[in-house]
Amino acid sequence: MGSALPLGEPAPLDGLLPASAAEGAADRAFGVYVHVPFCRVRCGYCDFNTYTASELRGARQVDYADQAIDEIRMSRRVLAASGAPSRAAETVFFGGGTPTLLPADDLVRMLGAVRDEFGFAPGAEVTTEANPDSVGPEDLIRLAEGGFTRVSFGMQSAVPHVLAALDRTHDPARVPLVVRWARDAGLDVSLDLIYGTPGESLDDWRRSVDAVVAERPDHVSAYALIVEDGTKLARQIRRGELAQPDDDLEADMYELADTAFAEAGFEWYEVSNWANDAAHRSRHNLGYWRGDDWWGVGPGAHSHVGGVRWWNAKHPAAYAERLAAGHSPAVGREVLDAPTRETERVLLLTRIREGIDIASLHTGGRHAVAGLIADELVDAKAALAGGLTLTRRGRLLADAVVRRLLED
C-alpha cells in the first residue's frame, strides 16, 4: 500500500456507500485487511504508509489496537446500513508496517473483533506479516491460539550485503529459527523475497532462492524491487551512490526463481507468487486479483466493495481523531464506471494462473490473442480451450499483454 493517496471525491462522514455497492454482494467473497502502520526502522526502498516512533507525532502505538477495533465495529454498521448482506470473512490479513511490533495479544484482540462482527467462514485464512526479528516462539504460539492460521515472513534476501542495501535489520540465520517456531505453533509459512536490489548479483539471488527452497515453506512471494519517488533509495540512485536496478538482470532473476521453485515442487499461481499446492495459495491476495470485496482497517488503508473504492486518513493521529469524533476514517473514494471496472478486471485476472475467459473480452481483445500466442506470451493450448493464461515470458511482459488486450 503506497503512501500517496489517490485523487477522488470526498467520502461522507458516516461512511455510507452508494446503493450500487451492495448489488451482487452475496456472490462475492469478503475479506478484511488490517493495516498496522508501525516499523522499528524505515527501509530505504519502502513507500508504504508506515511510521517509526519518532514520526508518530500525536499518536501512540499503545492505543492503536482499540482504535482499529472501533473501525472494525463501525465497518459492520456501515455495510449493513448501506444494504450489503451479512457475510462471514473468508480471509483476514494483517499487514504493514510490521504488525508483530504490537503485542501478540493486541493482534488477537483485533482479530477477535473481526470474528465478533462478521464471523469467519469455514476454513478462513488468517495471516499476519512479520519480520524475522520481530517475533519469538511464544508470540507465534499466542497468535495460533488466537485464531491466526498463517504467517508471512519478510525474509527479502539471504545475503547480508543485500539486506544492508535494503536497510533490513535481521540476521539471515534467524529465518530458519522463525520458520521452525511457526511450524511448531501449527502455522502455515510464507517467505517473501525481493530481487533486483542494487549490488545484488545473479549468484546472490540464487543463494536466496536456494535458502528459501531449503526451508520448504508452504508459499513463496518474490517481487522485483521498484524504486519509488521520495524514498531514500530513490535519492541514493539519483545521487549516483547506488545503481539503478537492471531490467534484464531482473528478468534473469525471475526466470531463475521460477525454474528453481518449479523444480522444488512449487506451482506458480500469480505473477509473483508460488505455492506448494493449491490449498496454500494466498486466498486473501487472490481476492484482490478477482475483484472481490474487502474492508481495509487502519491509517491509509484502502477498501473495495462492489466497484466503490475508498481510503482512510493517512496519519495515525488524523485517523484516531476521526474515529474519536464518531466519523468514518475514510477521507476519499471513487465509484468506478463500467469501462474502468473492465480495464481493472483484465489487468488483475491476467496476473493469475486461471487467467481470463477469452469470450469475455471485447472484440479487439479477442483478436489480440492470436498475436500474443505468436509472440509466445499466451499459452496456446489454454487459448484453444477458451482461456487466456500467460507463459513465463508473458508474465515478464504482463503490462504489455494487458495493453494489447485493451486495444480497440
Side-chain angles (χ1 to χ4, degrees), residues 36 38-46 50 52 61 93-108 111 125-195 197 200 203-223 257 260-261 264-266 272-277 279-280 282 284:
V36 180
F38 310 119
C39 283
R40 190 169 288 125
V41 298
R42 178 174 293 281
C43 298
Y45 63 92
C46 182
T50 63
T52 62
Q61 189 170 307
F93 195 102
F94 285 67
T98 309
T100 46
L101 281 185
L102 292 182
D105 283 345
D106 276 359
L107 299 180
V108 169
L111 180 61
E125 175 193 273
V126 182
T127 305
T128 185
E129 294 181 332
N131 287 344
D133 56 0
S134 69
V135 287
E138 297 82 6
D139 302 311
L140 294 164
I141 290 170
R142 179 69 184 107
L143 293 172
E145 290 175 344
F148 285 82
T149 65
R150 186 173 179 272
V151 60
S152 180
F153 291 115
M155 174 179 170
Q156 316 309 7
S157 175
V159 180
H161 79 83
V162 176
L163 290 171
L166 293 170
D167 293 321
R168 303 294 289 187
T169 58
H170 68 269
D171 182 342
R174 190 170 173 87
V175 172
L177 289 175
V178 295
V179 170
R180 188 180 77 239
W181 295 338
R183 293 283 192 211
D184 289 347
L187 295 166
D188 290 341
V189 174
S190 178
L191 294 176
D192 294 350
L193 292 172
I194 291 177
Y195 60 91
T197 300
E200 182 181 32
D203 284 340
D204 290 331
W205 175 239
R206 183 178 290 108
R207 182 174 162 188
S208 294
V209 169
D210 289 346
V212 165
V213 169
E215 294 306 318
R216 303 302 305 167
D218 303 291
H219 182 277
V220 184
S221 298
Y223 296 102
F261 294 149
F266 293 91
S272 299
N273 289 274
W274 295 258
N276 62 9
D277 58 37
H280 286 105
S282 171
H284 186 83

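Residues I141 and W181 form no side-chain contact, since every pair of their non-hydrogen atoms from C-beta on lies 4.5 Å or further apart. Put simply, the side chain of W205 reaches to within 4.5 Å of the side chain of L193, judged on heavy atoms. Side-chain atoms of L187 and F148, non-hydrogen and from C-beta on, do get closer than 4.5 Å to each other. For the pair Q61 and L102, the minimum side-chain heavy-atom distance is below 4.5 Å. Taking 4.5 Å as the limit, every side-chain heavy atom of T98 sits out of range of all side-chain heavy atoms of E129. Side-chain contact between P99 and F38 is absent, with no heavy-atom pair separated by less than 4.5 Å.
Listed by chain and number, the residues in a ring pair (Phe, Tyr, Trp, His ring centres under 6.0 Å) with H284 are F93, Y288 (sequence neighbours excluded). Considering only residues two or more places apart in sequence or on other chains, A260 meets the side chain to side chain contact (heavy atoms under 4.5 Å, CB included) condition with V209.
The backbone N or O of D188 sits nowhere less than 3.5 Å from a side-chain atom of R150 that would complete a donor-acceptor pair. Distance alone, capped at 3.5 Å, is enough to place a donor-acceptor pair between the S208 side chain and the A158 backbone. Between the side chain of R216 and the backbone N or O of A264, at least one donor-acceptor pair lies under 3.5 Å. Looking only at distances, no side-chain donor or acceptor of E215 sits under 3.5 Å from a matching main-chain atom of V175. No donor-acceptor distance shorter than 3.5 angstrom exists from the side chain of D218 to the backbone of S190, with no hydrogens or angles considered. Remark: side-chain polar atoms of D167 are paired, donor with acceptor, to backbone N or O of G44 under 3.5 angstrom. With hydrogens and angles ignored, the 3.5 Å screen pairs a side-chain donor or acceptor of R168 with a backbone N or O of G154. Although no hydrogens or angles enter the test, the distance criterion places no donor-acceptor pair under 3.5 Å between the side chain of N131 and the main chain of D133. Distance alone, capped at 3.5 Å, is enough to place a donor-acceptor pair between the H170 side chain and the M155 backbone. A distance-only check finds no donor-acceptor pair linking the side chain of T149 to the backbone of E125 [under 3.5 Å].
Between F261 atom CZ and F266 atom CZ the span is 7.0 Å, to the nearest 0.5 Å. Rounding to the nearest 0.5 Å places CZ of R207 at 10.5 Å from CG of D210. The CZ atom of F94 lies 5.0 Å from the CG atom of L111; values are rounded to the nearest 0.5 Å.
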Original post:
Yes or no on side chain to side chain contact (heavy atoms under 4.5 Å, CB included) for E200 and Y195, after CA distance, side-chain angles and deciding distance?
Top reply: CA-CA 8 Å; E200 182 181 32; Y195 60 91; 4.3 Å; yes
Subject >> D203 vs R206, salt bridge (charged side-chain N to carboxylate O under 4.0 Å, His left out): CA-CA, chis, key distance, verdict >> reply: CA-CA 5 Å; D203 284 340; R206 183 178 290 108; 2.6 Å; yes
Original post:
Going through the checks in order, is the side chain to side chain donor-acceptor pair (under 3.5 Å) test met by D204 and S157?
Top reply: CA-CA 9 Å; D204 290 331; S157 175; over 6 Å; no
**OP:** For S221 and N273, run side chain to side chain contact (heavy atoms under 4.5 Å, CB included): C-alpha distance rounded to whole Å, both residues' side-chain angles, the deciding distance at 0.1 Å, then the answer.
**Re:** CA-CA 5 Å; S221 298; N273 289 274; 2.4 Å; yes
**OP:** Carefully, step by step, assess R42 and T50 under the rule side chain to side chain contact (heavy atoms under 4.5 Å, CB included).
**Re:** CA-CA 8 Å; R42 178 174 293 281; T50 63; 3.4 Å; yes
**OP:** Let me see the working for Q156 and Y45 under side chain to side chain contact (heavy atoms under 4.5 Å, CB included), right down to the final yes or no.
**Re:** CA-CA 12 Å; Q156 316 309 7; Y45 63 92; 3.9 Å; yes
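Heavy-atom minimum distance, P172 versus L163: CG-CD1, 3.5 Å. Taking all atoms of both residues into account, the shortest heavy-atom contact from V189 to A182 is CG2-CB, 3.7 Å. Shortest non-hydrogen contact noted between N276 and P217 is ND2-O, 3.7 Å. Counting all heavy atoms, side chain and backbone alike, A165 lies closest to T197 at CB-CG2, 3.7 Å.
The residue from D192, T128, T127 that alone fulfils the side chain to side chain donor-acceptor pair (under 3.5 Å) condition with S152 is D192. When each of L101, L107, D106 is checked for a side chain to side chain contact (heavy atoms under 4.5 Å, CB included) with P103, only D106 meets the rule. Here the options are V212, V178, V151, the test is side chain to side chain contact (heavy atoms under 4.5 Å, CB included), and the partner is L191; only V212 passes.
Sorted by first and then second residue, the side chain to side chain donor-acceptor pair (under 3.5 Å) pairs involving residues 137-148 (not counting sequence neighbours) are D105-R142.
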